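Report on one structure; see the data block that follows.
Please read these numbers as outputs of a predicted model, since none were measured by experiment. Excluded from the calculations below are hydrogen atoms, water molecules and symmetry mates; all remaining heavy atoms, backbone and side chain alike, are included.
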Amino acid sequence: MSTHYREFAPSDRLKQFVDCFWTVDPAGAHQEYPVLPDGCVDIVYSPSVARGLQLVGTMTTARKFAISAGDVQFGVRFRPAMSRSFLPLPGLDTLDQLIALSDVWGAPAGRLAEQIAEARSAEQCIGLIEARLANPTDITVVQRICTSIVEQSGQLRIDDLAFHAGFSTRQLRRLFLEQVGLSPKHFCRVIRFQSSLSRLSKRGRADWVQVAVDCGYYDQAHFINEFRQFSGYTPGEFAALAR
């Protein structure tokens, strides 16, 4: 795939909330640019989109997006659950959705899109977005739990999470659906998949069994089924694509 993908770290002020800023610069057109579930919400600017800025909600499965040649994409990827501090939307309303940012932020989103369109560098775009991401709401219990799940690569028991947070498992599930859009179990699965993806890229084809063990899957079959569900490929097929 002929694209140039770059990531940029957020400022210290935002690193609790933002995973990274990113750009995709395609040398040619791509009708099916793949994006895999990661538990995150992104704000994406594309010059070919009428209103410029879109909110890309948390994804439950892999999606493919069409990108035109020279259509440079710019985005901010929030850490899991942290978009809520700036985008006060119910999690289920954004799950697997593309939403015009102007429907959330109103006229300021339109002005921001115009400024990004006129920016001459990724650094200028980052400055514009960071200036808009001011005055976040207080961190919620669910956001703290999501951070713990990420730190533990999704390998946590839901009953333990609920107990330490002072909730019943039913209460925790309800709060997760409201704020994240996914149940705690589903969220853990997505984060574990991302961990396996990272380990697979480092270890390679010969170590699938070890990757499955390291990531807490029951066995290799469980790993392969989960990987296929989230990516659309078996680990072997995905590794071949990466090469």
Side-chain angles (χ1 to χ4, degrees), residues 3 5-8 10-11 13-26 29-35 37-61 63-140 142-143 146 177-182:
T3 60
Y5 174 80
R6 297 176 63 195
E7 291 187 354
F8 306 83
S11 65
R13 178 178 68 86
L14 289 175
K15 64 183 181 181
Q16 181 180 11
F17 304 95
V18 173
D19 180 55
C20 68
F21 296 91
W22 54 264
T23 60
V24 172
D25 187 358
H30 299 284
Q31 295 303 313
E32 297 185 334
Y33 184 83
V35 179
D38 57 8
C40 300
V41 170
D42 287 48
I43 292 175
V44 179
Y45 171 79
S46 174
S48 63
V49 174
R51 288 191 280 181
L53 285 164
Q54 290 183 303
L55 184 156
V56 181
T58 303
M59 299 187 303
T60 57
T61 59
R63 296 187 62 175
K64 295 179 180 179
F65 297 88
I67 303 178
S68 302
D71 192 1
V72 179
Q73 314 282 307
F74 170 79
V76 52
R77 180 173 304 122
F78 293 97
R79 295 187 184 279
M82 290 301 179
S83 62
R84 184 176 176 84
S85 293
F86 307 97
L87 301 162
L89 293 172
L92 287 172
D93 287 359
T94 64
L95 192 67
D96 290 320
Q97 298 297 310
L98 295 176
I99 301 171
L101 192 61
S102 57
D103 291 343
V104 184
W105 282 351
R111 291 193 293 272
L112 180 60
E114 292 173 356
Q115 292 173 322
I116 290 175
E118 296 172 355
R120 296 182 177 275
S121 68
E123 289 75 15
Q124 287 185 2
C125 293
I126 291 169
L128 291 167
I129 292 283
E130 288 208 334
R132 183 62 182 79
L133 298 178
N135 303 317
T137 59
D138 292 338
I139 298 296
T140 67
V142 169
Q143 287 174 313
C146 286
L177 290 175
E178 288 176 357
Q179 297 185 32
V180 183
L182 302 174

May I have the step-by-step check of side chain to side chain contact (heavy atoms under 4.5 Å, CB included) for Tyr45 and Leu128, ending in yes or no?
CA-CA 12 Å; Tyr45 171 79; Leu128 291 167; over 6 Å; no
Atom CD of Gln73 and atom CG of Asp25: how far apart are they, to the nearest 0.5 Å?
10.0 Å
Rounded to the nearest 0.5 Å, how far does CD1 of Ile43 lie from CD1 of Ile99?
11.0 Å
Please lay out, stage by stage, how Phe21 and Glu130 fare under the test side chain to side chain contact (heavy atoms under 4.5 Å, CB included).
CA-CA 10 Å; Phe21 296 91; Glu130 288 208 334; 3.5 Å; yes
From Arg84 atom CZ to Glu178 atom CD, the distance as rounded to the nearest 0.5 Å
7.5 Å
Please list, one pair per line, the donor and acceptor atoms closer than 3.5 Å that link side chains of residues 52-60 to other protein atoms, with sequence neighbours excluded.
unit_1, atom_1, unit_2, atom_2, d
Thr60, OG1, Asp96, OD1, 3.4
Thr60, OG1, Asp96, OD2, 2.7

To the nearest 0.5 Å, tell me how far Ile126 CD1 sits from Thr23 OG1.
8.5 Å
Could you check if a side-chain atom of Cys40 sits within less than 4.5 angstrom of a side-chain atom of Phe78, using non-hydrogen atoms only?
no
Do Met82 and Val41 come within less than 4.5 Å of each other through their side chains, counting heavy atoms only?
no
Look up atom CZ in Arg79 and atom CD in Gln143, then write down how far apart they are to the nearest 0.5 Å.
12.5 Å
Sort and list the pairs that fulfil ring-ring contact (aromatic ring centres under 6.0 Å, His included) and have at least one residue in residues 100-131, not counting sequence neighbours.
none
CZ (Phe74) and CG (Asp42) are apart, to the nearest 0.5 Å, by 11.0 Å
